[in-house]
Amino acid sequence: MSTPHSTPPPAGTSLRWYGEGFPATDPSGIYQALADLENPCFVLATPAGPGAVSGGAAAPGGHGPGVLAAAAPLPPHRLGSAAFTAAHGVRLPYMAGAMAGGIASADLVVAMARENLLASFGAAGLLPSVVEDSLRRFEREIPGLPYAINVIHSPSEDRLERETVELALRHGVRCVEASAYMDLTPHIVRYRLAGLRRGPDGRVITGNRLIAKVSRPETATRFMRPAPAATVAALLEQGLITAEQASLAHHVPLADDITVEADSGGHTDRRPLPALFPVLARLRDAVQREHRYQVGIRLGAAGGLGTPASLAAAFAMGADYVVTGSVNQSCLEAGTSPQVRAMLAEAGIADCEMAPAADMFEMGVDLQVLKKGTLFPMRARRLYQLYQTYDGLEALPAEERDRLEKQIFRRPLEEVWADCVAYFTRRDPEQLTRAADNPRRRMALVFRWYLGMASRWAVTGDDARTADYQIWCGPAMGSFNDWVTGSYLKNPSNRRVADVAHHLMRGAAFHTRLAQLRLAGVRVPAGAVGYLPVPQDGPMPLAPTAGAS
């Protein structure tokens with residue numbers, strides 16, 4: 001350990017340390033002192049050079065060792081915003097974000113809630129009956145504990161968005177995570193406003209909390225401002241909100257929390273967090289000054305967060321909370337197959353690629369998926385190229401049709417269309433009505449069948465369709481895998497979502513403490529600078545010696 005001062009300043013002008021034990025000068029001992037986050041950490045001048053110790057106190061004068069630098073106690077709950085933890089009734093400013101199709105499963109939500117941590121149920125893409133079954137389970141198993149459900153913007157399936165909101169209102173869901181919105185819809189506005197009331201002290205109470213995941217300033221602005229007056233008036237006229245709720249709408253932002261989503265799995269604009277977050281932070285501050293909300297809008301960070309250092313960086317930029325996604329998909333509670341968890345556990349930071357999204361296929365919207373071990377990205381892009389080139393299935397050249405039926409669909413296209421008819425008759429008949437006299441629309445639905453089934457094959461672990469697995473994944477997964485190499489979390493059978501949250505947050509506090517000491521001029525030995533997870537009931541680990549600080 002090095003510092004600008006090789007010896008303490010003259011007696012009478014420096015702080016002296018008072019406590020028990022001896023400062024450690026070896027990497028292992030220094031790591032132990034730094035990782036004791038519940039106590040202050042002091043860097044002291046010793047005959048053997050600078051050393052570190054946890055606990056004790058410093059005061060002017062006296063005869064103890066000279067204090068070269070100090071870091072206050074920093075348990076993980078002190079990161080981020082206390083307002084976030086209070087509003088959501090959680091113990092850490094951390095959230096496990098939604099992964100569609102139930103990959104962010106009911107099991108995952110329950111496991112997090114029982115640790116007083118927030119997770120969002122991946123309701124997007126699920127039938128209303130499946131969503132309702134999960135909500136009933138939450139009512140039975142985690143009453144009063146924190147959780148959210150995801151409502152996704154589905155331009156081609158408006159009915160599903162509306163029914164998900166209706167289920168949330170019917171079952172008293174108090175927190176919704178809104179994602180993939182390009183514009184506001186009456187359904188998401190209705191959810192927010194339906195929870196408004198005035199408290200005994202005259203303050204507006206927002207009974208329905210909304211967390212909006214965004215990656216563009218124009219979308220963020222819509223959620224930061226009050227609900228549009230025209231939408232409020234229409235909801236009131238339809239009897240979907242009360243007159244009191246309509247009158248209170250302009251007093252509060254549409255969302256309590258705005259999650260700044262950077263390079264993530266699934267729907268993403270792949271913008272780097274250090275570039276995107278400051279832009280939305282300035283926007284948030286400007287909107288707050290304009291509207292003077294009683295309760296300020298909180299800003300979270302998501303995308304690329306797979307290591308303690310990345311979480312610490314997000315908090316250093318001013319994030320009130322952090323949101324993880326890809327890393328949770330490799331955990332035991334995730335609603336996916338063991339095969340997929342094993343593939344994710346082997347992913348590197350360069351093993352992701354963009355591919356067409358099933359829910360916004362016709363619009364040309366892409367999402368980020370795993371490319372290692374699967375041909376899905378290549379095959380999905382080919383389908384979109386055919387959609388752009390031809391006017392319908394009947395217009396496909398014979399060789400293209402033959403290739404589709406033998407290599408991608410492995411079935412006659414007529415059989416796939418019959419499956420589409422059966423599926424949308426049950427789920428959203430309006431889709432069939434729109435396709436009745438539109439060959440290109442029918443082709444889109446058939447191609448979307450493959451995109452949807454590719455996710456299903458991955459979730460169920462269909463061994464016959466491994467090459468077609470669609471696995472939503474961002475570079476955070478590779479970063480996480482690299483970090484946990486050499487620890488018990490390297491094996492996916494040991495990954496539990498609350499345990500991962502614990503280590504990421506504790507490691508973030510550790511790296512924040514390191515940054516504080518570096519700003520004080522302290523250089524920590526390479527063997528003491530990396531937080532490595534060990535089981536919570538085990539001893540503190542010695543950090544790996546992968547590189548210098």
Side-chain angles (χ1 to χ4, degrees), residues 95 97-100 120 124 148-158 161-162 164-165 175-193 208-232 249-250 252-288 290-291 293 296-305 314 317-323 325 354 357 359-360 362-368 472 474:
M95 178 180 178
M99 294 174 284
S120 180
I149 72 167
N150 180 225
V151 175
I152 193 169
H153 184 204
S154 301
S156 62
E157 295 184 284
D158 178 80
E161 182 185 341
R162 171 175 55 79
T164 302
V165 166
C175 186
V176 154
E177 181 189 31
S179 59
Y181 277 79
M182 295 178 289
D183 201 354
L184 300 180
T185 66
H187 313 305
I188 201 66
V189 175
R190 176 192 174 191
Y191 172 79
R192 173 62 162 175
L193 301 189
N208 293 343
R209 298 184 302 277
L210 191 63
I211 302 173
K213 187 185 294 181
V214 304
S215 58
R216 301 183 182 189
E218 61 271 23
T219 309
T221 300
R222 296 182 179 104
F223 283 100
M224 290 177 180
R225 296 188 180 280
T231 306
V232 175
H250 70 280
V252 297
L254 189 62
D256 306 275
D257 301 282
I258 302 291
T259 300
V260 181
E261 184 181 31
D263 192 1
S264 64
H267 289 288
T268 179
D269 285 326
R270 304 187 85 179
R271 293 192 175 100
L273 190 63
L276 181 61
F277 191 92
V279 172
L280 296 194
R282 287 191 293 270
L283 177 61
R284 183 270 312 271
D285 294 343
V287 173
Q288 183 70 36
E290 176 186 350
H291 289 278
Y293 297 128
I297 301 168
R298 296 175 293 268
L299 216 59
L305 302 185
M317 283 193 295
D320 293 306
Y321 61 98
V322 292
V323 181
M354 301 300 289
D359 56 344
M360 300 182 188
E362 297 92 318
M363 301 169 67
V365 174
D366 286 343
L367 40 69
Q368 190 160 207
W472 302 309

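Keep in mind the model is a prediction, meaning the values are calculated, not measured.
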Novice: Please, which pairs that meet ring-ring contact (aromatic ring centres under 6.0 Å, His included) have at least one residue in residues 208-231, sequence neighbours excluded?
Specialist: Y181-F223
Novice: Looking at CG of L367 and CH2 of W472, how far apart are the two atoms once the value is rounded to the nearest 0.5 Å?
Specialist: 7.5 Å
Novice: Just to verify, which of N150, V323, D257 counts as forming a side-chain contact (heavy atoms from CB on, under 4.5 Å) with I211?
Specialist: D257
Novice: Considering residues at least two apart in sequence or located in another chain, which fulfil the side chain to side chain contact (heavy atoms under 4.5 Å, CB included) criterion with E261?
Specialist: K213, S264
Novice: Is M360 close to M182 at the side-chain level, that is, under 4.5 Å between some pair of heavy atoms?
Specialist: yes
Novice: Could you state the interatomic distance from SG (C175) to CE (M95), rounded to the nearest 0.5 Å?
Specialist: 6.0 Å
Novice: Is the closest side-chain heavy-atom distance between V214 and I258 below 4.5 Å?
Specialist: yes
Novice: Could you work out, with side chain to side chain contact (heavy atoms under 4.5 Å, CB included) as the rule, every residue matching D359, not counting sequence neighbours?
Specialist: I152, H267, A357
Novice: Determine whether V176 and R209 make a side-chain contact, defined as any pair of heavy atoms from C-beta on separated by less than 4.5 Å.
Specialist: no
Novice: Can you name the side chain to side chain contact (heavy atoms under 4.5 Å, CB included) partners of D263, sequence neighbours left out?
Specialist: T268, R270, Q368, P475
Novice: Quick one: closest heavy-atom pair of A227 and L254, and the distance?
Specialist: CB-CD1, 4.1 Å
Novice: With a 4.5 Å cut-off on side-chain heavy atoms, are E177 and I149 touching?
Specialist: no
Novice: Do D183 and R222 sit within salt-bridge range, that is, some charged N less than 4.0 Å from a carboxylate O?
Specialist: yes
Novice: About how many Å separate CZ of R284 and OG1 of T221, when rounded to the nearest 0.5 Å?
Specialist: 13.0 Å
Novice: Restricting to side chain to side chain contact (heavy atoms under 4.5 Å, CB included), what partner residues turn up for R282, sequence neighbours left out?
Specialist: P278, V279
Novice: Would you indicate whether the side-chain heavy atoms of V252 and P226 approach each other to under 4.5 Å?
Specialist: no
Novice: Looking only at heavy atoms, what is the nearest atom pair of A255 and A212, with distance?
Specialist: CB-CB, 4.0 Å
Novice: Side chains of I297 and Q288: does their closest heavy-atom pair fall under 4.5 Å?
Specialist: yes
Novice: Taking the side chain as everything from C-beta on, heavy atoms only, tell me whether L184 gets closer than 4.5 Å to T231.
Specialist: no
Novice: Applying side chain to side chain contact (heavy atoms under 4.5 Å, CB included) to L299 and M224, what does each step give before you reach the verdict?
Specialist: CA-CA 10 Å; L299 216 59; M224 290 177 180; 4.2 Å; yes
Novice: Verify, without hydrogens or angle tests, whether N208 (side chain) and Y191 (backbone) share a donor-acceptor contact under 3.5 angstrom.
Specialist: yes
Novice: Would you check if the side chain of D256 reaches a backbone N or O of L210 as a donor-acceptor pair within less than 3.5 Å?
Specialist: yes
Novice: With sequence neighbours left out, what residues match D269 under salt bridge (Lys or Arg N to Asp or Glu O under 4.0 Å)?
Specialist: R216, R271
Novice: What closest approach, in Å, do L283 and A220 show between heavy atoms, and which atom pair accounts for it?
Specialist: CD2-CB, 4.1 Å
Novice: Measuring from atom CG of L280 to atom OG of S215, what distance do you get when rounded to the nearest 0.5 angstrom?
Specialist: 8.5 Å
Novice: Roughly how far, to the nearest 0.5 Å, is the CE atom of M354 from the CG atom of D366?
Specialist: 5.0 Å
Novice: Which atom names give the shortest non-hydrogen contact between E161 and I188, and what distance separates them?
Specialist: OE2-N, 4.2 Å
Novice: Check the pair Y321 / T259 against side chain to side chain contact (heavy atoms under 4.5 Å, CB included), numbers first and verdict last.
Specialist: CA-CA 8 Å; Y321 61 98; T259 300; 2.7 Å; yes
Novice: Taking all non-hydrogen atoms of both residues, which atom of P272 and which atom of A262 are closest, and how far apart?
Specialist: C-CB, 4.1 Å
Novice: Heavy atoms, side chains only, cut-off 4.5 Å: are L273 and L305 in contact?
Specialist: yes
